[in-house]
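Remarks on the structure that follows.
Lettering follows sequence order; numbering is per chain, from 1.
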2 protein chains.
Amino acid sequence: MSTPETTTDVPQDFEALKAVILERKAQLPKRLKQVAAYSLDNPDEIAFGTAASIATSADVQPSTLVRFAQHFGFEGFSSLQQIFRARLRERTPGYEERLKALRGDDHSRLESGSIFNGFVAAAHRSLDNVATSVDPEAFERAVDILAKADTIYLIAKRRSYPISSYMAYAFGKLKVKYQHVGTAAGIDDDMLAMATRQDAAFAVSFSPYASESAAQARLLANRKIPVVSLTDSAFSPLAESSKVWFELVEADHAGFRSLSASMAFAMALTVAIAEKRRRAGDAAI
Amino acid sequence: MSTPETTTDVPQDFEALKAVILERKAQLPKRLKQVAAYSLDNPDEIAFGTAASIATSADVQPSTLVRFAQHFGFEGFSSLQQIFRARLRERTPGYEERLKALRGDDHSRLESGSIFNGFVAAAHRSLDNVATSVDPEAFERAVDILAKADTIYLIAKRRSYPISSYMAYAFGKLKVKYQHVGTAAGIDDDMLAMATRQDAAFAVSFSPYASESAAQARLLANRKIPVVSLTDSAFSPLAESSKVWFELVEADHAGFRSLSASMAFAMALTVAIAEKRRRAGDAAI
DNA sequence: TCCAAAATAGAACGTTCGTTCTATACCCGC
DNA sequence: GCGGGTATAGAACGAACGTTCTATTTTGGA
């Protein structure tokens, strides 16, 4: 019984360690307190750095790090470092990996499950991407243009159609006047013929671009009706006709591109427009 | 000009490195290919391990790791390792944290930006949820039923309509016979009247449930036509009419529910059905 | 079949690591 | 203000590191 509680109370994961450090921080000697603060502020440094580099960075001696580790029951600095590394290891891995973790328990033992996982992963990736690829100022301008419009024309065909049909649904709920262009090919152009400069259009088209969408956007642009568009390339035919356009590349699984990012974008745009109108309305009262 | 393109084509982040590795994987020598595979399969090991430990684990010589690194333009193994470490450093934290990180740089300084972030976050949450809430065996059964069907009837109204319209688009591409029920209210029932027991239906409805969708599903069920459905509660009127049904709760932002999880589900189902049919077709030849 | 070039394995290199040890500085109760 | 205990800094240690170098093997074209 010379080492009565050797490993029992040694923190085994980062959260536990953090708790213990915070708990005992007050009663810690000066240098150890310094290390404590540094370690919680720069956990990544501790995970990756060497004792020497960390010591320099935290402005202490390497031996202090060892004492610090031993103070909390670890054998040496290295074993404490493992905690910091494990933290990064277990940190929400990539979606692929996360799904791989699911693999064992149930999904994709069955082949369809892996298809399912693939699409979920692709959707995640898409969303990750969209957060950085959409310029918020451009978004603001797009909201401006569409919020001012009398009627919003929604142009989308084929793969983009679900997006505009969601917007149509939401606009209806939000009492925003719109026209959904993209259903029956015949009446589309008649619809667009009625558009005036007080209106605006939102067009969605991804490669391979539906030629009608591009043509319709061009038609409106020629008549000085502002067009906002969502597409997947700077070379998209929509870009040249648009006052504001967004490039949004969806991730794919097995060649089938996700719609999650476009959908999230569409929802945000829809709600932002309605919100802006509501405020303008309030102000007018 | 002794080092004409020193740093130009050296991958600077993990994604770039991954792409280059995959691109050149085929033409890599045996041992280097071995390292390539290992590095992509166990990126964490590379980030934390030492050259010696990694070499042992990957069953190669340490020097091979150095050659591998140099093959891709790095100075030595250590500089390649930095890429793997940076990856963990920047690794997507929780969504909340990630959005908090976005806060500073640009988004949501503008009010619309926060709307945008909100929808992206909601979509992420939805996807996280769906991976665990969908039972893979039920999914498999659903695929079975629908793959066997002659014609697949897609039933969805209002908010669910974008989902079925995507499926309609994809089924068209995949040469799967379908009927899209949900467009003009009048002709819907005529369409469904033609359905036989060789057919099947996929119905989508979320609360507040469109009464027509429930009625149509019941109609088909009474005629012994199998119905698979996607809904958001066990108390959904669709559930009782369905051979297989899925409960899928979407996260929301500002009261607007995401569609990402449903969309991913729909894509997976669509592709899984087509895949199953392709195999059945192959087997028949 | 042979040869030149490329790839590999393994030993050897100097460096840097984490740890330990010891002398010194500091703190606090008396 | 002194003494005993603790905390600290810094030097010294062997071990392990990443890299380089050199035989040896493998490869692919003549």
Tabulate below the donor-acceptor pairs under 3.5 Å that side-chain atoms of residues 245-256 of chain A make, not counting sequence neighbours, or state none.
residue, atom, partner, partner atom, Å
Glu250(A), OE1, Ser126(A), OG, 2.7
Glu250(A), OE1, Ser258(A), OG, 3.4
Glu250(A), OE1, Ala261(A), N, 3.4
Glu250(A), OE2, Ala261(A), N, 3.3
Glu250(A), OE2, Ser262(A), N, 2.7
Glu250(A), OE2, Ser262(A), OG, 2.5
Asp252(A), OD2, Gly255(A), N, 2.9

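Counting only distance, with no hydrogens or angles, the side chain of Gln34(B) and the backbone of Val60(B) share no donor-acceptor pair below 3.5 Å. Distance alone, capped at 3.5 Å, places no donor-acceptor pair between the Ser207(A) side chain and the Tyr209(A) backbone.
Contacts of residues 32-39 of chain B with DNA chain D (heavy atom under 4.0 Å): none.
Checked against the 6.0 Å centroid criterion, the rings of Phe139(A) and Phe265(A) qualify as a close aromatic pair.
Heavy-atom minimum distance, Ala123(A) versus Ser260(A): CB-OG, 3.3 Å. Between Ala47(B) and Arg85(B), the shortest heavy-atom distance links the atoms O-NE, 2.7 Å. In terms of heavy atoms, Arg159(A) sits closest to Pro162(A) at O-CD, 3.3 Å. When all heavy atoms of Ala36(B) and Ser39(B) are compared, the closest pair comes out as O-OG, 2.8 Å. Across all their heavy atoms, Gly172(B) and Tyr178(B) have their closest contact at N-CE2, 3.9 Å.
Residues Phe68(A) and Phe77(A) have side chains not in contact (no heavy-atom distance under 4.5 Å, counting atoms from C-beta outward).
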Show each protein N/O and nucleotides 22-27 of chain C N/O combination with a separation under 3.5 Å, one pair to a line.
none

N/O to N/O distances under 3.5 Å, protein versus nucleotides 12-18 of chain C:
residue, atom, partner, partner atom, Å
dC17(C), OP1, Thr50(A), OG1, 3.4
dG18(C), OP1, Ala51(A), N, 2.5
dG18(C), OP2, Ala51(A), N, 2.7
dG18(C), OP2, Ala52(A), N, 3.1
dG18(C), O3', Ser78(A), OG, 3.0

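Residue Gln61(A) has no polar side-chain atom (N or O) positioned under 4.0 Å from OP1 or OP2 of dT8(D). Between Arg67(B) and dT8(C), a side-chain N or O to OP1/OP2 separation shorter than 4.0 Å is present.
Note on Gln70(A): only backbone sugar-phosphate atoms sit closer than 4.0 angstrom, heavy atoms only; bases stay farther off. Contact annotation for Thr64(B): backbone-only contact, meaning every heavy-atom pair under 4.0 Å involves sugar-phosphate atoms and none involves a base.
Residue pairs that meet the salt bridge (charged side-chain N to carboxylate O under 4.0 Å, His left out) test with at least one member in residues 50-64 of chain B, sequence neighbours left out, do not exist here.
Residues Thr231(A) and Ser236(A) bring a donor and an acceptor atom of their side chains to less than 3.5 Å of each other.
Ion pairing between a basic and an acidic side chain is recognised when a charged N comes within 4.0 Å of a carboxylate O; Arg141(A) and Glu137(A) show no such pairing.
Stem list for DNA chain D (at least 3 consecutive Watson-Crick or G-U pairs, distances under 3.5 Å): C:1-30 with D:1-30.
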